[in-house]
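Below: one structure, written as structure tokens.
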Amino acid sequence: MMKTNLKYLSAIVLFGTALVFSACDDDDNDMPVTTMYEQEDQMARPAINTVFVSTGEKDMFNTTTPAQQGAAFATKFKDKLLALNPGYTTNLLGLDATTFTGVLATDVLSVSLTAPTTFYDGTNVLTGRKLDDDVITVELILLFGGPDAMANPGLTDDHVDANDKTFLNSFPYLATPH
Amino acid sequence: MRLKLNLKSLGLALVVFVACAASYLIAADHIDAPAVTGTGSDITDVYAFQSPANSSNMVFVVNVQGLLAPSATAAASFDEEVMIEVNIDNSSTKDNMEDLVIQATFDNGKVKVFGPEAPAQKGLMSTLLKSTPAEATVTSYGANPVIGESNGIKVFAGPRDDPFFFDLNQFKAIIGGTATSFNNPGADAFAGTNVLALVIEVPKSMLGSDAINIWATSNRKM
């Protein structure tokens, strides 16, 4: 709904702009028209929209700025977390359900410019995301593993620990396509 | 025994509470939402890491159009109507508003990367930065990577192996109530598939001094 309104609004703005330009365009000068881009997809941490956002709101999540996501989605994320894991108390980071989902609902990736960059390497937590970080297992541990990562052992590791191709040490780092 | 029982009740709870969402539980961000699925603006993953080749640099990777079979990869192309943006909050308060953006556009087989620079406006609507871009020819399937470099910024765009790995199918089985745990070993549902990758390496000095928050967006030309 919001998106539709935005589209109408931008159509009106564009139409209005066109009228102004044509009114002033006496000598066929090429007036610089600024091209506008409208946001469609948005992502930071892996699997947030896919796991935590309900079916009817996935497009809305993608078109809500991170600064507004927390207010719009934190409660819904908490409900989803407790649906996925009714026994959730805290997790390895010591975060209770409200705190954890409050963090997740603002979908940004923290990146250190000084420390090692990793989703989680045993020491550093959420300082970036490397190509070989096993991000899904980290997220499963935080969702299902409880305060000591020992709960629900069948659900805390998908046992796919690495990519099917080796990454490169030089730019562009990603492996050649299949 | 008690653990097993708990797992079973958890499995039951999963069925009851999330079965209706199962069809949309896809992957990292691959085909995450109806409006972007199957389009050139569908982001699959975002990465940010210190350059393995130069510790003074940061690497950003934004992948789009995931789950490309090898047979479909040569024909896949970046959508020229879509601008990919890396949004960077380097404020001390971390207000999650973009203080800097890096923008990539695709035109006539070339990728152009603008920034990092303060955007003219923040939020859901964007205009292109006016600075001189770093450019590269989009690498075609099977060719050696074409790397553009300008002002210390490196650029690559083209098909690559999807770096994401996950036993998605077993996860869906658990969520769907037909399994109660992962297998060991698991099966990587993304093995053998490709994405269209955008890789940008920039000096950290252009980004901030300590820590930043980042997020990627795709934005369609109006």
Side-chain angles (χ1 to χ4, degrees), chain A residues 10 14 34-44 46-47 49-51 54-55 58-59 62-63 65-67 83-87 106-114 116-117 128-131 136 152 154-155 157-160 162-165 167 169-178, chain B residues 13 17-18 21 24-26 28-29 32-33 35-36 41-43 46-50 52-53 70 73 83 96-97 123-127 145 147 154 156 159-161 163 165-167 181-182 184-186 188 191-192 194 197 199 201 204 210-222:
Chain A
S10 40
L14 282 178
T34 303
T35 303
M36 299 298 296
Y37 290 83
E38 182 183 21
Q39 182 169 320
E40 290 194 343
D41 201 357
Q42 175 171 248
M43 182 200 179
N49 195 1
T50 46
V51 171
S54 60
T55 305
K58 289 178 184 293
D59 288 320
N62 281 335
T63 51
T65 62
L84 285 165
N85 182 1
T106 299
D107 189 22
V108 298
L109 183 65
S110 305
V111 182
S112 175
L113 299 176
T114 54
T117 44
R129 181 184 177 189
K130 285 188 291 122
L131 294 171
I136 290 295
N152 304 312
L155 297 175
D157 189 348
D158 69 340
H159 300 291
V160 177
N163 191 39
D164 58 327
K165 278 199 160 194
F167 298 117
N169 289 321
S170 59
F171 195 88
Y173 309 109
L174 278 69
T176 54
H178 295 272
Chain B
F17 285 101
V18 288
Y24 280 101
L25 286 164
I26 304 299
D29 203 67
D32 60 304
V36 297
S41 66
D42 187 13
I43 296 170
V46 181
Y47 300 83
F49 53 91
Q50 177 177 294
T73 304
M83 179 266 284
N96 299 311
M97 306 276 280
L124 299 176
M125 306 296 283
S126 301
T127 55
I147 300 168
K154 283 187 184 169
F156 166 88
R160 301 304 275 181
D161 159 65
F165 48 93
F166 178 28
D167 190 345
S181 67
F182 286 104
N184 191 3
D188 179 8
N194 299 320
V199 187
E201 181 163 332
K204 289 179 180 176
D210 182 20
I212 54 178
N213 285 348
I214 70 121
W215 62 100
T217 60
S218 62
N219 308 271
R220 187 169 296 277
K221 198 186 283 183
M222 297 179 59

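- Of the two parts of B:Pro145, only the side chain, counted from C-beta on, holds a non-hydrogen atom closer than 4.5 Å to a non-hydrogen atom of chain A.
- In plain terms, the two heavy atoms of B:Phe49 and A:Arg129 that are nearest each other are CD2-O, 3.5 Å.
- Contact detail for B:Thr127 and A:Met36: the closest heavy-atom pair is CG2-SD, 3.4 Å.
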Evaluation steps, side chain to side chain contact (heavy atoms under 4.5 Å, CB included), between A:Glu38 and B:Asn219
CA-CA 5 Å; A:Glu38 182 183 21; B:Asn219 308 271; over 6 Å; no

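- Ranked by heavy-atom pairs under 4.5 Å with chain A, the first of B:Asn184, B:Asp188, B:Asp167 is B:Asn184.
- Across every non-hydrogen atom of A:Lys130 and B:Tyr47, the tightest pair is O-CD2, 3.6 Å.
- Annotation: the span from B:Asp210 atom CG to A:Ser112 atom OG amounts to 6.5 Å, rounded to 0.5 Å.
- Proximity to chain B is limited to the side chain of A:Thr106, based on heavy atoms less than 4.5 angstrom apart.
- Nearest approach of B:Asp161 to A:Leu174, heavy atoms of both residues: O-CD2, 4.1 Å.
- The greatest number of non-hydrogen atom pairs below 4.5 Å with chain B, out of A:Asp164, A:Leu113, A:Asp157, is found for A:Leu113.
- Put simply, CE on A:Met43 and OG1 on B:Thr217 are 13.0 Å apart, with the number rounded to the nearest 0.5 Å.
- Between B:Asn213 and A:Ser110, the shortest heavy-atom distance links the atoms OD1-OG, 3.3 Å.
- Between the OG1 atom in A:Thr65 and the CG atom in B:Leu124 there is a gap of 6.0 Å [rounded to 0.5 Å].
- Atom-to-atom distance recorded for A:Asp41:CG and B:Ile43:CD1 is 4.5 Å, nearest 0.5 angstrom.
- Looking only at heavy-atom pairs under 4.5 Å with chain B, the residue among A:Thr117, A:Thr114, A:Asn49 that has the most is A:Thr117.
- Heavy-atom minimum distance, A:Asn169 versus B:Pro52: O-CB, 3.9 Å.
- Ranked by non-hydrogen atom pairs under 4.5 Å with chain A, the options B:Ser41, B:Pro70, B:Pro163 are led by B:Pro163.
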Apply the test side chain to side chain contact (heavy atoms under 4.5 Å, CB included) to residues B:Trp215 and A:Asp107: give CA-CA distance (whole Å), side-chain angles for both, the deciding distance (0.1 Å), then the verdict.
CA-CA 7 Å; B:Trp215 62 100; A:Asp107 189 22; over 6 Å; no

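- Contact annotation for A:Leu131: both backbone and side-chain heavy atoms come within less than 4.5 Å of a heavy atom of chain B.
- Of the listed residues B:Ala53, B:Ala48, B:Ala211, the one with more heavy-atom pairs under 4.5 angstrom with chain A than any other is B:Ala48.
- Separation of atoms CG (B:Asp29) and CG (A:Asn62) is listed at 6.5 Å; rounding is to 0.5 Å.
- Atom CG of B:Asp32 and atom OG1 of A:Thr50 lie 7.0 Å apart (nearest 0.5 Å).
- Listed options B:Ala197, B:Pro185, B:Ala216, B:Pro159 were ranked by heavy-atom pairs under 4.5 angstrom with chain A; first place goes to B:Ala216.
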